[in-house]
Visitor: 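This structure is in structure tokens; I'll ask about it shortly.
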Amino acid sequence: MPELAEVEYYRKQWTPAIGQRVVGVELHADKRIFRGQDTDALRSGLKGQALQRAEAHGKQMAFVFGDCHWLGLHLGMTGKTRIESADYEPGKHDHLVLRMQSGDQLIFIDPRLFGRVLYAACKSGEPDWWQGLPPGILSDAFTRERMNAFLKRRARSPIKAVLLMQEAFPGVGNWMADEILWRSRICPATRAGDLDQQQTKALYRRLREVCRDALRVIGTDWSRPPDSWLFNHRWKDGGVCPKTGCPLIREPIGGRTTCWSPKWQNSGAPK
DNA sequence: TCCTATGTTGTATG
DNA sequence: ACATACAACATAGG
């Protein structure tokens, strides 16, 4: 589920606990989401500390407790955060539960276990996994020049696969990539290096537009996107393009199922 | 039974 | 070293 806007939504699920202290930590230490982590250190590190802030960058979240305890969460494919009241009984996929002094429980759920939990205590500064993150797509540092340079470096890969690369497009996932290419009228199979200037210009504009739209519609309260987006049509059997009324195509590109509108998104090799 | 799933990563190959 | 492609991870649901 989680891409840029969904991650922002899940970040906010824990913010009601800001200012509250952790009084207990329950976790399933043998689960894959804790791979490489010292869960005892996580337990003892967080206990007694108050949640200070909650941040998101792309698909990565960071929750800071006390003055030096960092909890990183990545939601993988099926991860979610929730907040529950004191009487809630954690279920089998609730792999991390922080019991707060208010009685609230901060829950991290992940049935498929593709997510990840990170913990670090840093006396000063940020953990390495929160440093040197690529510029957010809506930040000033995310320039057209920067994007174009990356497209050139990945010139022989389909643009769909390139948009999924987190080191350049943090937060973009499968549905956003399809939405962006559809709005840009670019065929997802086009090699990144074959895009002409008009196409890269459209791509840059629509990329930022989809990020803004998604954060506004999904990131705030998870509203249903309007039918004018590709979003509501792409997984439906017999779905049609809202622009042309023609049937949408679904086919794997770059290892992921991709949906596009063949007439609308120029299919041939450009130029 | 088989196929799919809004993600990343390790490994093989060029 | 760099770019590219793909299986593997673990579980649920259609």
Side-chain angles (χ1 to χ4, degrees), chain A residues 1-11 13 28-37 56-61 72-81 91-96 108-118 128-129 133-134 137 149-183 188-194 207 210-211 213-219 222-225 229-239 248-260:
Chain A
M1 307 231 350
E3 303 182 20
L4 183 76
E6 292 87 354
V7 170
E8 170 59 12
Y9 177 84
Y10 286 123
R11 177 193 72 81
Q13 299 312 297
H28 302 157
D30 57 326
K31 296 296 181 187
R32 201 178 114 92
I33 52 167
F34 293 107
R35 60 196 177 278
Q37 298 302 296
H57 187 96
K59 297 178 187 171
Q60 181 71 41
M61 291 185 282
L73 292 186
H74 190 291
L75 300 170
M77 200 81 108
T78 54
K80 291 173 164 53
T81 52
K92 75 174 210 183
H93 297 308
D94 296 340
H95 301 305
L96 175 64
F108 175 56
I109 309 109
D110 186 7
R112 244 174 115 181
L113 301 171
F114 289 176
R116 183 157 222 172
V117 179
L118 301 170
D128 51 0
W129 44 262
L133 295 168
I137 293 168
F150 188 78
L151 298 185
K152 200 161 281 182
R153 200 146 67 76
R154 302 295 177 155
R156 298 194 56 74
S157 291
I159 184 61
K160 166 64 187 271
V162 174
L163 282 175
L164 294 175
M165 294 177 181
Q166 299 300 295
E167 70 266 38
F169 302 103
V172 173
N174 208 25
W175 82 255
M176 288 180 78
D178 286 358
E179 185 77 33
I180 291 159
L181 292 170
W182 176 74
R183 293 192 191 186
T190 313
R191 294 182 190 263
D194 290 344
L207 169 67
V210 169
C211 288
D213 285 352
L215 285 170
R216 177 168 43 80
V217 173
I218 296 169
W222 209 300
S223 301
R224 182 180 190 273
W229 296 16
L230 179 65
F231 187 95
N232 291 335
H233 310 273
R234 60 190 291 271
W235 285 145
K236 267 195 311 212
D237 282 330
L248 294 164
I249 308 255
R250 262 178 294 170
E251 226 171 74
I253 296 179
R256 306 297 298 282
T257 301
T258 298
C259 175
W260 77 99

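All values reported here derive from a predicted model rather than from experimental measurement. Just so you know, these numbers use all the heavy atoms, side chains as well, and skip hydrogens, waters and symmetry mates.
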Visitor: At less than 4.0 Å, is any side-chain N or O atom of A/H93 found next to OP1 or OP2 of C/dA10? Yes or no.
Guide: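 Negative; the distance criterion is not met.
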Visitor: Which nucleotide in the set C/dA12, B/dA5, B/dT8 lies at the smallest distance from any side-chain heavy atom of A/W235?
Guide: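 Between C/dA12, B/dA5, B/dT8, the one nearest the side chain of A/W235 would be B/dA5.
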Visitor: Donor-acceptor check, side chain of A/K59 to backbone of A/V172, threshold 3.5 angstrom: yes or no?
Guide: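 The answer is yes, because a donor-acceptor pair under 3.5 Å joins these two groups.
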Visitor: Considering only atom P, compute the distance from B/dT9 to C/dA12 and round it to an integer number of Å.
Guide: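 Nearest-Å result for B/dT9 against C/dA12 at atom P: 23 Å.
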Visitor: Give a yes or no on whether the ring-centroid distance for A/W222 and A/Y10 is below 6.0 angstrom.
Guide: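 Close enough - the centres of the two rings lie under 6.0 Å apart.
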Visitor: In this structure, how many angstroms lie between the P atom of B/dG7 and the OH atom of A/Y10, rounded?
Guide: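 That distance rounds to 13 Å.
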Visitor: Can you find a donor-acceptor N/O pair under 3.5 angstrom joining the side chain of A/R112 to the base of B/dA5?
Guide: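 Answer yes: a donor N or O sits under 3.5 Å from an acceptor.
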Visitor: Return the pairing partner of B/dG10 with a 3.5 Å limit on both distances, Watson-Crick or G-U wobble; otherwise return none.
Guide: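 Result: C/dC6.
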Visitor: Do the side chain of A/R234 and the main chain of A/F231 share a donor and acceptor less than 3.5 angstrom apart?
Guide: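 Absent.
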Visitor: Round to the nearest Å and state the distance from A/W222 atom CH2 to B/dT6 atom P.
Guide: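 The answer, rounded to whole Å, is 13 Å.
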Visitor: With a 4.0 Å cut-off on heavy atoms, is A/G173 in touch with a base, just the backbone sugar-phosphate, or nothing at all?
Guide: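 It contacts sugar-phosphate atoms only.
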Visitor: Nearest-Å distance, CG (A/L118) to P (B/dT8)?
Guide: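 My rounded result for the distance is 13 Å.
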Visitor: Name the residue from A/I180, A/I249, A/I253 that meets the side-chain contact (heavy atoms from CB on, under 4.5 Å) definition with A/P188.
Guide: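 Going through A/I180, A/I249, A/I253 one by one, the side-chain contact (heavy atoms from CB on, under 4.5 Å) with A/P188 is satisfied by A/I253 alone.
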Visitor: Could you state the atom-to-atom distance from CD of A/E251 to C1' of B/dT4 in whole Å?
Guide: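 Whole-Å distance recorded here is 16 Å.
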Visitor: Counting only N and O atoms by type, is there a donor-acceptor contact under 3.5 Å from the side chain of A/E251 to the main-chain atoms of A/C259?
Guide: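 No.
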Visitor: Just the rounded figure in Å: distance from C1' of B/dT6 to CZ of A/R256.
Guide: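 It works out to 7 Å between those atoms.
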Visitor: Classify the nucleic acid contact of A/R156 as base, sugar-phosphate or nothing, counting any heavy atom under 4.0 Å across all strands shown.
Guide: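 It contacts sugar-phosphate atoms only.
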Visitor: Name the nucleic acid region contacted by A/T257, choosing base, sugar-phosphate or nothing; use a 4.0 angstrom heavy-atom cut-off, strictly under.
Guide: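 Here A/T257 touches the backbone only, sparing every base.
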Visitor: Whether A/R250 engages the ring of A/W235 as a cation-pi pair (distance to the six-membered ring centre under 6.0 angstrom, angle to the ring normal within 45°) should be assessed.
Guide: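 So A/R250 doesn't make the cation-pi contact.
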Visitor: For A/L164 and B/dT6, what is the distance between atoms CG and C1' respectively, to the nearest whole Å?
Guide: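 Going from A/L164 (CG) to B/dT6 (C1'), I get 10 Å.
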Visitor: Can you identify which nucleotide, out of B/dA5, B/dG7, C/dT11, has its nearest atom closest to the A/E3 side chain?
Guide: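 Side chain of A/E3 sits closest to B/dG7.
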Visitor: At 4.0 Å (heavy atoms only), tell me whether A/A155 reaches a base, stays on the sugar-phosphate, or touches nothing.
Guide: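 The residue A/A155 makes sugar-phosphate contact but no base contact.
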Visitor: For A/W175, does its backbone N or O pair with a side-chain atom of A/D178 as donor and acceptor, under 3.5 Å?
Guide: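 The answer is no, because no donor-acceptor pair under 3.5 Å joins these two groups.
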Visitor: A/S157 has a side chain; which of C/dA3, C/dA5, B/dT6 sits nearest to it?
Guide: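 Output: C/dA5.
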Visitor: Would you say whether A/F114 stacks on B/dT8? The test is a distance between ring centres of less than 5.5 Å and an angle between planes of less than 30°.
Guide: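 No, A/F114 does not stack on the base of B/dT8, since the centre distance and plane angle fail the 5.5 Å and 30° test.
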Visitor: Among C/dA12, B/dT6, C/dA10, which is the nearest nucleotide to the side chain of A/K92?
Guide: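 Of all the options, the side chain of A/K92 is nearest to C/dA12.
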Visitor: A/I253 CD1 to C/dT4 C1': how many Å, rounded?
Guide: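 These atoms are roughly 16 Å apart.
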Visitor: Within the structure shown, what part of the strands sits under 4.0 Å from A/K80 by heavy-atom distance: base, sugar-phosphate, or nothing?
Guide: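 Here A/K80 touches no strand at all.
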Visitor: What's the closest nucleotide to the A/P158 side chain, out of B/dG7, C/dT4, C/dA5?
Guide: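 Among B/dG7, C/dT4, C/dA5, the one nearest the side chain of A/P158 is C/dA5.
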Visitor: Considering only the P atoms, how many Å lie between B/dT4 and C/dC6, rounded to the nearest integer?
Guide: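 15 Å, rounded to whole Å.
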Visitor: Name the pairing partner of C/dA1, where a pair is Watson-Crick or G-U wobble with both distances under 3.5 Å, or state none.
Guide: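 Because no pair has both required distances under 3.5 Å, C/dA1 counts as unpaired.
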Visitor: The side chain of A/N174 lies closest to which of these nucleotides: C/dA12, B/dT6, C/dC9?
Guide: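 That would be B/dT6.
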Visitor: Find which nucleotide of DNA chain B each of A/E6 and A/R35 is nearest to by heavy atoms, and output the residue with the more 5' nucleotide.
Guide: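 Its nearest nucleotide lies further toward 5', so the answer is A/E6.
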Visitor: Where each residue is assigned the nucleotide of DNA chain C containing its nearest heavy atom, which of A/R153 and A/G255 is assigned the position nearer the 5′ end?
Guide: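 Checking each residue's closest nucleotide, the 5'-ward one belongs to A/R153.
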